[in-house]
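Numbers restart at 1 for each chain; the letters A, B, ... are given by sequence-line order, proteins then strands.
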Amino acid sequence: MIKITLPDGSIKECAKLSTPMDVAKSISEGFARNVISAKFNDTIVETSTELNQDGSLVLYTWNDDLGKKAFWHSSAHILAQAILYLYPNAKLTIGPAIEKGFYYDVDFGEESISDNDFKKIEDKMLEFARQKFEFKLRSVSKADALSYYKGRNNEFKVELIENLTDGDITFCDHADFTDLCRGGHIPNTGIVKAIKLMSIAGAYWRGDEKNKQLTRVYGISFPKQKNLKEYLELLEEAKKRDHRKLGKELELFAFSRKVGQGLPLWLPKGTALRERLENFLKKAQKKAGYEMVMTPHIGQKELYVTSGHYEKYGADSFQPIHTPKEDEEFLLKPMNCPHHCEIYNVKPYSYKDLPIRFAEFGTVYRYEQSGELHGLTRVRGFTQDDAHIFCTPDQVDQEFKNVIDLSLYVLKTLGFENYTAQVSVRDLDNPDKYIGTVENWEKAEQAIINAAEDKGLDYVIKSGEAAFYGPKLDFMIKDALGRNWQLGTIQVDYTLPERFELTYKGSDNQLHRPIMIHRAPFGSMERFIAILLEHTGGNFPLWLTPEQVILLPISEKYKNYTEKVLELLENHEIRGLIDDRNEKTGKKIRDAEVKKIPFMLIIGQQEEDGDVISVRRHGGEDLGKMTVEDFSSLIKNKINSTLQQYKFN
RNA sequence: GCCGGUGUAGCUCAGAGGUAGAGCGUUUCCUUGGUAAGGAAGAGGUCACGGGUUCAAUUCCCGUCAUUGGCUCCA
């Protein structure tokens, strides 16, 4: 007998060579039917793996991330099987599960496939799935593995196997199909009920552009047809909320090929919305002791040589601008920090002056590769809600925590309730990627982790994700469709103060180095607004939305009264407009709905007679008749309750 | 930057080797209306740009640009 410890702490006595599926069945038949993967002593195993020692066992269903992983990984095998059946000369390479589905990279040789071929591949996959082939993992010797793939002229798998150690190599079989695989499969192919191939893309072997380009086929699969339907509906919804589409429809921003790719143009409505966001943050920052500064869009190349940006990114940036007479070199600023360091250097500071907090909505320019540009989320010119805090070593902790408070206040007020923090630290195997001393890096990393702990943040540590000058904490938010986005960032930096020789005089009458904290709660205005658009589907909070109210006179007879109402609203700083087109009310309401205007005021004979307005909310709710005063209070109260929902300072 | 898709009216999109269409929007007229589309008429396009093939190219081919899905990269 062996002792199997389950996640709830209970211990099952099982016969030796019981499988995870046997254990599941001993819990309940119903549960066992849903079990699709298992982990034994921290190793993913097959549900049919025979357990021959005591240990802890976790059983996974579709509802677990690792269950989905096994499911999608197994689906990739089915995809490979179908591809090999339909294209016998194709060479398989790798086919992992990804966050949403799976892919397989295939070398189709002379042949090429397109999404027109998806249907027949899907059909073949479903045909294989229905036959409930069992996935069977078996060990093979390195020599056998190599000869198997050499016989099939698959140099990719041969390369993979050559990097594996003999004794650790397993093949997975189902039906007559064999693939090199370390395991983690669902019991049989029949569990996969719904399959959809999503897209096709080029991908380099091992991600290196010097290598051969392969065809990557993306797909997703589910245990029920219904899941697939829901997933496709979610994609549809995401498409409807695409900020590029909404930004165009709501006239917020645009691009022009004459201006240049990746250089957004803010239209009047978008600009007004952005200013409201900026003012909101300015107000909070003022409370938190920040001072606004402004710096130019270019700076001498030397500035960035000093900061280290030039050495690190110069070659892949917009190239220097030369002055015509003196041949001086200037760079478009890729970051605001060097400029802020120079503002700090304008005068000497005492420890009593610190912390100093300089904030700027600073527009920066970065050369992003053309293929990487995407709407407002990836652009070449954007505005950071940047600030730099210069403080003493014993202030870092508190300042960092204050920034966390500010960031959370901003996120929550804007309706992002689901967030986690990501602490990005050095990649210890690649010290050349970073500037600064090991000692300072350690101090900075520890300061961030301490602050995250103290604030009770839900955080994960990512090694190798740090900026080149220091570690950082990023807020990852989950939007209304469950998608994750990286928003604000906070970074501790011991390096730039050294490079710019920043000092302050301590109580010991000696000069000391301040420590810098870089932070941007929104990240960039462009990116934040894009994400807010997708999160809200264009239904912005009332305080932000371009038009809060639209006035719909029933006919032109009520023009004067309608104009009077608008004037009253404007006196209350409510943003409204009149739809005085020669259209019926039904049409005007429909158009206002499409434009997502939160309130519609219907104005006709009854309203004019009673000196009131009829209020309809976006979505159709009828709030009845009320005076303009009452309506103004209603709006103001709604805005205040949103803005004061979370306290800051 | 690399690989694939796309580029037709302000917007969304049909179309085909023989010189271009729809809906929405816009303009004018009729209509003066009550909670998600009233009616009529009109304007609007070097079919992204540059080459090539052809009697004929917006359509086929090549290149450029933009855009899009990936890859790589990301201060």
Side-chain angles (χ1 to χ4, degrees), chain A residues 98 103 105 112-116 198-218 242 244-245 248-249 251 254-262 304 307-314 316-317 333-338 364-375 378 380 382 384 386 433-435 465-470 472 486 489 491 493 496 518 520 524 552-559 580-595 600-607 614-625:
Chain A
I98 51 177
Y103 67 79
D105 282 351
S112 70
I113 67 161
S114 75
D115 45 12
N116 294 325
M198 302 303 293
S199 65
I200 202 161
Y204 298 103
W205 169 238
R206 309 214 130 175
D208 186 337
E209 65 181 273
K210 288 194 273 299
N211 288 339
K212 183 157 193 189
Q213 175 120 18
L214 308 169
T215 303
R216 176 169 297 180
V217 182
Y218 284 91
D242 188 318
R244 293 167 300 183
K245 176 177 178 288
K248 198 184 271 183
E249 284 172 7
E251 296 179 11
F255 291 89
S256 150
R257 79 171 58 177
K258 284 188 180 154
V259 173
Q261 55 177 341
Y304 305 100
S307 70
H309 291 107
Y310 190 77
E311 187 198 349
K312 200 77 191 167
Y313 297 103
D316 295 319
S317 295
K333 79 173 164 188
M335 290 195 87
N336 301 301
C337 27
V364 297
Y365 301 89
R366 296 176 186 176
Y367 176 79
E368 303 289 356
Q369 296 186 77
S370 60
E372 188 58 32
L373 299 171
H374 178 91
R378 199 72 175 163
R380 285 178 171 171
F382 59 96
Q384 295 179 309
D386 212 355
K433 277 171 70 179
Y434 310 100
I435 58 177
E465 297 281 313
F468 75 92
Y469 52 78
K472 58 180 182 171
Q486 184 191 316
T489 180
Q491 312 178 353
D493 181 0
L496 283 187
H518 308 239
S524 92
L552 311 178
I554 299 278
S555 88
E556 64 195 27
K557 281 187 258 174
Y558 314 106
K559 185 166 179 276
D580 57 2
R581 292 176 304 162
N582 182 5
E583 294 290 351
K584 290 197 167 184
T585 309
K587 169 72 167 164
K588 292 184 182 180
I589 286 171
R590 182 190 143 77
D591 289 347
E593 286 286 347
V594 170
K595 280 156 90 178
M600 291 157 231
L601 306 184
I602 288 104
I603 295 169
Q605 194 64 52
Q606 303 160 23
E607 288 75 16
S614 287
V615 183
R616 181 198 210 268
R617 290 207 68 165
H618 175 65
E621 192 190 351
D622 187 353
L623 301 184
K625 293 188 173 61

Rounding to an integer number of Å, can you tell me how far [X] [atom1] sits from [N] [atom2]?
| X | N | atom1 | atom2 | result |
| --- | --- | --- | --- | --- |
| A:Lys625 | B:U35 | NZ | C1' | 11 Å |
| A:Glu368 | B:G70 | CD | C1' | 17 Å |
| A:Arg380 | B:U67 | CZ | C1' | 13 Å |

Closest approach to the side chain of [X], judged atom by atom: which nucleotide of [options] is it?
| X | options | answer |
| --- | --- | --- |
| A:Gln369 | B:U72, B:A36, B:A75 | B:U72 |
| A:Gln261 | B:A66, B:U35, B:C71 | B:A66 |
| A:Ala203 | B:A75, B:G34, B:C71 | B:C71 |
| A:Arg616 | B:A36, B:G33, B:G69 | B:A36 |
| A:Glu593 | B:A75, B:A36, B:G33 | B:A36 |
| A:Arg257 | B:G33, B:A48, B:G34 | B:A48 |
| A:Glu556 | B:G70, B:C71, B:U32 | B:U32 |
| A:Ala467 | B:C73, B:A75, B:U31 | B:A75 |
| A:Ser555 | B:G38, B:G69, B:U32 | B:U32 |
| A:Tyr204 | B:C24, B:C2, B:G69 | B:C2 |

Considering just the side-chain nitrogens and oxygens of [X], establish if one lies under 4.0 Å of OP1 or OP2 belonging to [N].
| X | N | result |
| --- | --- | --- |
| A:Tyr218 | B:C71 | yes |
| A:His618 | B:A36 | no |
| A:Arg244 | B:U68 | yes |
| A:Thr585 | B:G33 | no |
| A:Lys557 | B:G33 | yes |
| A:Lys248 | B:U12 | yes |

Which pair of non-hydrogen atoms, one from A:His309 and one from A:Cys337, has the smallest distance, and what is that distance?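 Taking A:His309 first and A:Cys337 second, the nearest heavy atoms are CE1-SG, 4.1 Å.
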Salt bridge or not between A:Lys587 and A:Asp591? Use side-chain N to carboxylate O under 4.0 Å. yes
Check this for me: does any side-chain nitrogen of one of A:Arg616 and A:Glu593 sit under 4.0 Å from a carboxylate oxygen of the other? yes
Counting heavy atoms not belonging to A:Gln486, are there more than 12 under 6.0 Å from its CD? yes
Short side-chain to backbone donor-acceptor contact, A:Lys588 and A:Arg581, under 3.5 Å: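 Answer holds: yes.
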Suppose you measure atom [atom1] in [N] against the same atom in [M]; what distance do you get, rounded to whole Å?
| N | M | atom1 | result |
| --- | --- | --- | --- |
| B:C49 | B:C65 | P | 16 Å |
| B:A14 | B:A75 | P | 39 Å |
| B:A41 | B:A56 | P | 40 Å |
| B:G42 | B:G5 | C1' | 38 Å |
| B:A16 | B:G69 | C1' | 27 Å |

5'-most contact on RNA chain B: A:Lys587 or A:Tyr313, nearest heavy atom basis? A:Lys587
Nearest nucleotide by nearest heavy atom, which residue falls closer to the 5' end of RNA chain B, A:Gly371 or A:Gly620?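 Nearer the 5' end of the strand: A:Gly371.
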If we call it a pair only when both distances are under 3.5 Å in a Watson-Crick or G-U wobble match, what pairs with B:C60?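 The answer is B:G52, by the H-bond criterion.
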Look at all strands and tell whether A:Asn582 reaches a base, only sugar-phosphate, or nothing, counting heavy atoms closer than 4.0 Å.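 Here A:Asn582 touches the bases of the nucleic acid.
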Can you check whether A:Phe468 stacks with the B:A75 base, using ring centres under 5.5 Å and planes within 30°?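 A:Phe468 ring does not meet the centre or angle cut-off for B:A75; no stack.
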